[in-house]
Number of protein chains: 2
Amino acid sequence: MERLELPLSQLHAFVVLAEELHFGHAAARLGIAQPPLSQQIRRLEDKVGHALFSRASGGVTLTPAGHELLPAARSALTGLADGLAAARAVGSGQAGRLRIGFAASLALTVLPGLLRTFRQRFPGVHLDIREMPTAPQIAALHDRSIDVGLLREPPATEEELCFRTVLSEPFVAVLPAAHPLAGRRTVHLAELADSPFVLLPRAAGPGLHDQITGLCTAAGFTPRTTQRAVEWQTVCALVETGLGVSLAPAGIRRIRLKGVAFRRIEPSTARTRVAVAWRENEQNPLVTHLLAAVSPEPVDRPQRSSRSGR
Amino acid sequence: MERLELPLSQLHAFVVLAEELHFGHAAARLGIAQPPLSQQIRRLEDKVGHALFSRASGGVTLTPAGHELLPAARSALTGLADGLAAARAVGSGQAGRLRIGFAASLALTVLPGLLRTFRQRFPGVHLDIREMPTAPQIAALHDRSIDVGLLREPPATEEELCFRTVLSEPFVAVLPAAHPLAGRRTVHLAELADSPFVLLPRAAGPGLHDQITGLCTAAGFTPRTTQRAVEWQTVCALVETGLGVSLAPAGIRRIRLKGVAFRRIEPSTARTRVAVAWRENEQNPLVTHLLAAVSPEPVDRPQRSSRSGR
DNA sequence: ACGCTCCATACGCTTACTGATATCAGGTCA
DNA sequence: TGACCTGATATCAGTAAGCGTATGGAGCGT
């Protein structure tokens, strides 16, 4: 690609003149006087090395060379304008692509609302949503295969990544309706020591799993896991059939099953944190927009609930 | 199409930097120092309104906006370079299209050589060759449906058209080998008065037809046309079978048939002129090139045969 | 801590593009 | 022939882009 010194204004003048075939009218359309237009065309012709217009008496005409250049000039101008507009749209976050990883346990709680909010605000953005456990999310953020992660129990410190807590959920006990404790409003964790547990496989979310078993250990027992399921809905279904009890983030209440009761846990200090994660120095403005969408205060509401975490 | 002030040099710098992802290397490839390159990119980013590169430590990267702009910039640059090259080619007459009309009687004489010469010199040019009588050629030149005409007996004066005589051909008598005059080297026109004539229909070339009959009239007789044929080859074939004699431009000798003899005519001043015709103020350089190709002196031969006509 | 790489910034200079006004030249038409 | 429209030319000035050299500052490795 050799050096081509060529102001686009000249191409623009050329295209307009090719359309008008009249120097005066073209100059008026360009908002300049006629002599400058003559100069523009002349300069362009000098660069091409041949006449682009024939100024014979009786009217201005395109020469064959001009006819040849016209489509290239036109497509360059429009293509460039479009490309510029597209780049601006992407740059301002009105368009583009955002790849989001999310923990399975959030599919029913924070994720739907977040997506709805974001899609409303940025309809032009293509969202790539993929379910993945916390650790793979961290890895995916590092190798740039996702842009934002929605995960539980963020690691305290991670190089080049930022985290922000979105939600701090208490735990609830998941009990079959027939369970003796289901009549109570609050359940002490230790009271579940003898019940068989239904949990997610540890691999599906090691952080949350370890936290749950850690809570049990703190309450003085080791949970006896009789059954595992890969989704919370299945867990609830299994609990409903009386296969056992479970311990889950409060967001799970969204799953409404008749034979299942959700009860508050003591000690109530046990909480699981949901966080968004992203790369430091992220250049994609969509990430910033998503962070705004995920924040507890919607942008369009003036009030400040002062619940923002950092 | 709004005003977009955007030097192509910046786009070029952008594309090169996007390929190199290294300011120093890109600047070297562009043949400038590094600071100017930084300025170029910065100016372009200012115009776009967003960063196109991420200059994080560890390397330069394209931002999503830059990624969006890159293909548009690339295609604009290459498209423009191609368009410019094509326009130059057309402008210099190395490419393009040339529409040529030719009289039927030239199909075997000047036309083949002319086309061969021109094709050799300008292989990139597309030639549109169409057979048409003289008068339609004049009309076609006026309404711009052909660019060059090859015709016989050009009108003495014609508005906005130029003519140049290419060839001044004597006439020859076309005789069957068995004809009593075939043994002579030269034939007096009047001697053909009693022979039936084979001619082309007048409509196929009124100028030449009228000249032939005019010659006969000048020699004191009116040719008795017993047969007409639309091509000179057919005329010769008919002559060969003894159906009659004919009068034709000397170029017809190219048609070699055993039973046909071509003999010089007296008076030898009778000649038919072949001319090229083109529009005054023609902007297509191919026309000029064709005129050069049609001229008696080939450009690459230093010798001058001084036969050029005007 | 030092030096190295890499990019950004500051400064000064030159170029040339861009625009306007005024004027000229060629053609057409009344 | 003179009014008029066409586009070209001449001249001038303002602006901005382009370059180079010199320098600054951040990050990284030894």
Side-chain angles (χ1 to χ4, degrees), chain A residues 2-48 50-63 66 73 77 80 159-160 279-281 283, chain B residues 2-48 50-63 66 77 80 159-160 280-281 283:
Chain A
E2 84 290 3
R3 181 163 195 74
L4 68 148
E5 188 76 27
L6 200 152
L8 285 184
S9 57
Q10 290 178 9
L11 281 184
H12 191 199
F14 167 63
V15 170
V16 170
L17 180 56
E19 280 165 10
E20 298 285 338
L21 291 179
H22 187 290
F23 277 76
H25 299 168
R29 225 179 91 186
L30 290 165
I32 60 175
Q34 170 260 316
L37 175 60
S38 286
Q39 290 178 8
Q40 298 272 47
I41 298 300
R42 196 205 148 93
R43 263 190 278 269
L44 182 57
E45 285 176 330
D46 286 349
K47 261 157 214 147
V48 173
H50 305 279
L52 298 171
F53 292 97
S54 153
R55 288 95 156 157
S57 78
V60 175
T61 330
L62 269 178
T63 63
L77 284 177
L80 227 40
E159 285 288 317
E160 303 179 17
R279 281 182 291 277
E280 254 182 342
N281 306 324
Q283 62 259 39
Chain B
E2 84 291 0
R3 181 163 195 72
L4 66 149
E5 189 77 26
L6 202 152
L8 286 180
S9 56
Q10 289 177 11
L11 282 184
H12 191 199
F14 167 64
V15 170
V16 170
L17 179 56
E19 282 166 9
E20 298 284 339
L21 292 178
H22 187 289
F23 277 76
H25 299 168
R29 224 178 92 185
L30 290 165
I32 59 175
Q34 170 262 316
L37 175 60
S38 287
Q39 291 178 7
Q40 299 271 47
I41 298 300
R42 195 202 149 90
R43 264 190 275 267
L44 182 57
E45 284 175 331
D46 286 349
K47 260 157 215 147
V48 173
H50 305 279
L52 298 172
F53 293 96
S54 155
R55 288 94 156 157
S57 76
V60 175
T61 330
L62 268 178
T63 63
L77 285 178
L80 228 41
E159 285 287 316
E160 303 179 15
E280 255 183 342
N281 306 324
Q283 60 258 40

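Everything quoted here is computed from the prediction, not taken from an experiment. These numbers come from the heavy atoms of this one structure, side chains and all, not from hydrogens, waters or symmetry mates.
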Which of B:L44, B:L77, B:L37 passes side chain to side chain contact (heavy atoms under 4.5 Å, CB included) with B:F14? Answer is B:L44

Between B:L8 and A:F23, the residue closer to the 5' end of DNA chain D by nearest nucleotide is A:F23

So CG of B:L11 and CG of B:L6: to nearest 0.5 Å the spacing works out to 5.0 Å

A:D46 atom CG is separated from D:dA8 atom P, nearest whole Å, by 12 Å

Sorted by position of nearest nucleotide on DNA chain C, 5' first, the leading residue of B:R55 and A:Q39 is B:R55

Taking D:dG20, D:dT9, D:dG18 as options, the one with an atom nearest any side-chain atom of A:R42 is D:dT9

On DNA chain C, more 5' by nearest nucleotide between A:P36 and A:K47 is A:K47

Closest of D:dG18, D:dG7, D:dC19 to the B:R43 side chain is D:dG18

Of B:L37 and A:H25, the one whose nearest nucleotide on DNA chain D sits closer to the 5' end is A:H25

**Asked** Does A:S9 make a side-chain N or O approach to OP1 or OP2 of C:dT18 shorter than 4.0 Å?
**Response** yes

Residues 24-35 of chain A vs salt bridge (Lys or Arg N to Asp or Glu O under 4.0 Å), sequence neighbours excluded, gives A:E19-A:R29, A:E20-A:R29

Rounded to whole Å, the NE2-P distance (A:H12 to C:dT18) equals 13 Å

### Task
Please indicate whether B:R55 has more than 12 foreign heavy atoms, meaning atoms of other residues, nucleotides or ligands, lying under 6.0 Å from its CZ.
yes

- Using a heavy-atom cut-off of under 4.0 Å over every strand shown, decide if A:G59 touches base, sugar-phosphate, or nothing. nothing

B:I32 atom CD1 is separated from C:dA8 atom P, nearest whole Å, by 13 Å

So NE2 of A:H12 and CG of A:L30: to nearest 0.5 Å the spacing works out to 5.5 Å

| query | Any side-chain N or O of A:S38 under 4.0 Å from OP1/OP2 of D:dT9? | reply | no

Here the distance between atom C1' of D:dG20 and atom CG of B:L30, to the nearest Å, is 15 Å

Taken to the nearest whole Å, CG/B:L6 to P/C:dC17 is 16 Å

Of D:dG7, C:dG19, D:dG18, the nucleotide closest to the side chain of B:P7 is D:dG18

| field | Flag side-chain contact, heavy atom, 4.5 Å: A:T61 against A:F53 | value | no

Interatomic distance, NZ@A:K47 vs CD@A:Q10, rounded to 0.5 Å, equals 3.5 Å

For nucleotides 23-30 of chain C, 5' to 3', base contacts (B), sugar-phosphate-only contacts (S) and non-contacts (-) with protein non-hydrogen atoms under 4.0 Å give ----S---

Separation between NE2 (A:H22) and CG (A:L17), nearest 0.5 Å, reads 10.0 Å

Rounded to whole Å, the CG-C1' distance (B:L11 to D:dG18) equals 16 Å

To the nearest angstrom, the CG-P distance between A:L44 and C:dA16 comes to 17 Å

Does B:Q40 have a side-chain nitrogen or oxygen under 4.0 Å from the phosphate oxygens OP1 or OP2 of D:dA17? no

A:I41 atom CD1 is separated from D:dA8 atom C1', nearest whole Å, by 13 Å

Regarding the side chain of A:H22, the nearest nucleotide among D:dG7, C:dT18, C:dA20 is D:dG7

